[in-house]
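Hydrogens, waters and symmetry mates play no part in the numbers below; they use all other heavy atoms, side chains included. Counting begins at 1 with the first residue of the sequence.
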Amino acid sequence: MKAPPASRTCRCGKESAFRREEMPAGSMAEDIKAKLEQYRTAPFDARFPNQNQTRNCWSNYLDYHRCQKALDAKGVDTTPCEWYRRVYKSLCPISWVEKWDGQREDGTFPGKI
């Protein structure tokens with residue numbers, strides 16, 4: 001017996017019907033690739049509810065480089081890390097990113113990667 005379609009309302013007020021069976025089943029990397037294709041700007045993150053997104057920028061910069069380091073060490077595809085890169089690229093001023101990249105190269109970066 002199939003489950004009845006669930007109704008979902010998005011922020012824009014439109015309703016869409018979906019069934020759990022119709023949702024594509026795939027690997028995490030495929031899911032992330034699909035999200036990256038639809039990516040426009042950084043989505044809302046409940047950890048950073050305020051207008052000031054400085055900490056969000058910093059966290060995603062660190063998360064990207066931690067993810068790269070961890071997956072490179074395992075010899076695994078680093079595609080899942082691209083999400084963090086896109087988020088920090090859309091939130092962080094270019095001058096900050098250039099400064100942090102320079103500090104990482106010099107070994108003086110203050111964050112733990």
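To the nearest 0.5 Å, atom CG of residue L91 and atom CG of residue N56 are 5.0 Å apart. The distance from atom CZ of R66 to atom OH of Y84, rounded to the nearest 0.5 Å, is 10.0 Å. With rounding to the nearest 0.5 angstrom, the CG atom of N50 is 10.0 Å from the CZ atom of R55. Interatomic distance, CH2 of W83 versus CG of N60, reported as 9.0 Å (0.5 Å rounding). Between the CZ atom of R85 and the CG atom of D63 there is a distance of 15.0 Å, given to the nearest 0.5 Å. Interatomic distance, F48 CZ to Q51 CD, rounded to the nearest 0.5 Å: 15.5 Å.
In this structure, C67 and P80 approach most closely via the heavy-atom pair SG-C, 4.5 Å. The shortest heavy-atom contact between V97 and C92 is CG2-CB, 3.7 Å. Residue C57 comes nearest to W96 through the heavy atom pair SG-CE3, 3.9 Å, listed as atom of the first residue, atom of the second, then distance.
Put simply, the side chain of L71 does not reach to within 4.5 Å of the side chain of D77, judged on heavy atoms.
When ring centroids are compared, W100 and W58 come within the 6.0 Å threshold.
Under the ring-ring contact (aromatic ring centres under 6.0 Å, His included) criterion, Y64 pairs with Y88, not counting sequence neighbours.
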With a cut-off of 3.5 Å and sequence neighbours excluded, list every side-chain donor-acceptor pair involving residues 103-112.
unit_1	atom_1	unit_2	atom_2	d
R104	NE	Y61	OH	3.1

